Structure formats: structure tokens, C-alpha cells
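What follows is a set of notes on a single structure, which appears directly below.
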Amino acid sequence: MNQDTEKGKNADVNWYKNVWKVVSEIPPGHVLTYGEVARLSGNPGWARRVSQALRRAPRKMKLPWHRVINSQGKISFPEDSSGWTRQKDLLEDEGVIFLNGKINLERFGYRGAVDRLLWGEEIL
DNA sequence: GCGCTGACCGCCA
DNA sequence: CTGGCGGCCAGCG
């Protein structure tokens, strides 16, 4: 198998795929931050590229891009943009609650999902 | 080939 | 809580 031979430009495309896969694995009703997606895809600190990867993702994949938000627990689009409204609508449809325009990451975030597995629904 | 921008993050004041 | 600064890489004029 080639492990070192796939370095270079191929690694970038591979990473894009990885990002898309990670995003597609996000269960409904939960969200991930850009930093977490970058970390889970094996490249901590590449949060900025995650946004570009999502933007360049083909629509065919039906990627749940709306489940990716920023570390502040807020939607990264400008509040007056159509994307912001679209994303908020999609998330609310999955049961995600917006509190004053922000999402409680302790409850809907990745860590919240882990805690829920360990502690149940005691997180309220 | 250079420089700025971007669905960002984390740290610090 | 807000704002500013540096860092990250790809894309575009």
C-alpha cells in the first residue's frame, strides 16, 4: 500500500473528501464547529479551509452543511443573508434550539453528544 | 507572481 | 461581553 507516496496535491483532495465525510457523519439534531471538523478530519487548525471545502462541496452529495457552525455557537453567515435564514430553518427543523441566536454547544455540539451517551439526558 | 479575502479559531486586553 | 491580532491555506483579480 502507498502511504507516503500520496503526499502532495492528492493529499489536499483526499482531505476535502475527509471533511465531507466527517460532515456527512454528523447525526441530525447535532452540530459541529469548524475547528472540530478540522480536528476530526486530521488537521487541527485548518478550520478556515473547512469552510472552503464545504463551499466547494458538490450539491450532489447532499451534504448537511447546515450542521457546521462556528465556535461561538452561531451561524457564520451575515444575519441578513439568505444563507443564515436557510441554515437556521434547517437546524430548527432538526430540533436544534436557538437561544438568542446562539446554539448551546454543550447540548447540541459534539461534546454534548458524547456526554449524552455517557450521562443520558441529564444535560439541561 | 503578489496581495487581499474568506461560511474561521484561539488568545489576550 | 466586545475588539484586535496572528495564523492557516486556497482562490481570485
Side-chain angles (χ1 to χ4, degrees):
Chain A
M1 313 267 271
N2 354 355
Q3 32 190 3
D4 289 42
T5 52
E6 55 183 77
K7 285 183 180 176
K9 299 163 190 175
N10 262 348
D12 281 350
V13 180
N14 204 335
W15 186 79
Y16 274 16
K17 281 182 164 183
N18 213 343
V19 171
W20 296 334
K21 187 169 188 176
V22 171
V23 174
S24 65
E25 293 289 328
I26 304 175
H30 286 278
V31 295
L32 282 185
T33 67
Y34 290 92
E36 282 170 327
V37 172
R39 196 180 316 171
L40 290 174
S41 57
N43 294 280
W46 288 26
R48 210 162 186 174
R49 273 181 69 189
V50 172
S51 60
Q52 293 187 346
L54 291 179
R55 198 176 202 186
R56 296 183 72 80
R59 303 266 180 168
K60 275 187 171 181
M61 300 183 72
K62 296 179 181 175
L63 211 61
W65 56 270
H66 55 276
R67 293 179 196 151
V68 183
I69 59 177
N70 62 16
S71 65
Q72 301 178 16
K74 295 190 285 188
I75 295 176
S76 295
F77 286 106
E79 216 174 303
D80 56 348
S81 71
S82 58
W84 189 90
T85 304
R86 223 174 299 154
Q87 186 168 7
K88 182 171 176 290
D89 191 48
L90 288 169
L91 287 174
E92 284 184 335
D93 192 48
E94 293 183 350
V96 176
I97 300 175
F98 281 78
L99 206 61
N100 199 10
K102 302 171 207 166
I103 299 174
N104 188 347
L105 290 177
E106 293 297 315
R107 187 173 179 185
F108 300 106
Y110 180 76
R111 183 161 184 181
V114 176
D115 287 345
R116 182 173 292 182
L117 288 174
L118 296 176
W119 298 88
E121 293 283 345
E122 292 188 12
I123 308 174
L124 295 173

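The sequence lines fix the lettering, A, B, ..., with proteins before strands; numbering per chain opens at 1. Just so we're clear, the structure is a prediction, and the values are computed from it rather than from any experiment. We use all heavy atoms of the structure for the numbers below, so side chains are in, but hydrogens, waters and symmetry mates are not.
- With rounding to the nearest 0.5 Å, the separation of CG in A:L54 from CZ in A:R67 is 12.5 Å.
- Without hydrogens or angle criteria, A:E36 side chain to A:V31 main chain gives no donor-acceptor distance under 3.5 Å.
- Of all the residues in residues 86-99 of chain A, not one reaches under 4.0 Å from DNA chain B with any non-hydrogen atom.
- The distance between atom CH2 of A:W46 and atom P of C:dG11, rounded to the nearest whole Å, is 12 Å.
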Point to revise | Which nucleotides of DNA chain C pair, in dot-bracket form (Watson-Crick or G-U under 3.5 Å, | meaning another strand) | key: .||||||.|||||
Practice item. Test A:V23 against A:V50 for side chain to side chain contact (heavy atoms under 4.5 Å, CB included), laying out the working first. Key: CA-CA 10 Å; A:V23 174; A:V50 172; 5.6 Å; no
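- Listed for the A:N100 side chain is no donor-acceptor partner under 3.5 Å among the backbone atoms of A:K102.
- Mapped onto DNA chain C by nearest heavy atom, A:Q52 and A:K102 fall at different nucleotides, with A:K102 at the one closer to the 5' end.
- Not counting sequence neighbours, A:W65 has no partner by the ring pair (Phe, Tyr, Trp, His ring centres under 6.0 Å) test.
- Residue A:W65 is in base contact, counting any heavy-atom pair closer than 4.0 Å across all strands shown.
- Scanning for side chain to side chain donor-acceptor pair (under 3.5 Å) contacts around A:E92 gives A:K88, with sequence neighbours left out.
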**Study point:** Sugar-phosphate or base contact per nucleotide [nucleotides 8-13 of chain B; S, B, -; heavy atom under 4.0 Å]
**Key:** BSS---
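- Summarising the geometry, atom CG belonging to A:L91 is positioned 5.0 Å from atom CD1 belonging to A:I103; distances are rounded to the nearest 0.5 Å.
- Here the side chain of A:R55 is nearest to one of C:dC1, B:dA7, C:dA10, namely B:dA7.
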Practice item. Begin with the C-alpha distance, continue with both residues' side-chain angles, and end with the deciding distance and a verdict on side chain to side chain contact (heavy atoms under 4.5 Å, CB included) for A:N18 and A:N43. Key: CA-CA 10 Å; A:N18 213 343; A:N43 294 280; over 6 Å; no
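- Contact check, A:R56 against C:dG11: a side-chain N or O comes under 4.0 Å of OP1 or OP2.
- Take A:R86 and apply the side chain to side chain donor-acceptor pair (under 3.5 Å) test, not counting sequence neighbours, and it matches A:S82.
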Check your understanding: So A:I97 and A:F108, side chain to side chain contact (heavy atoms under 4.5 Å, CB included) or not? Walk me through it.
Key -> CA-CA 9 Å; A:I97 300 175; A:F108 300 106; 4.1 Å; yes
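- For the pair A:L54 CG and B:dA7 P, the computed distance is 12 Å after rounding to whole Å.
- Closest of all the heavy-atom pairs between A:Y16 and A:R56 is CE2-CD, 4.2 Å.
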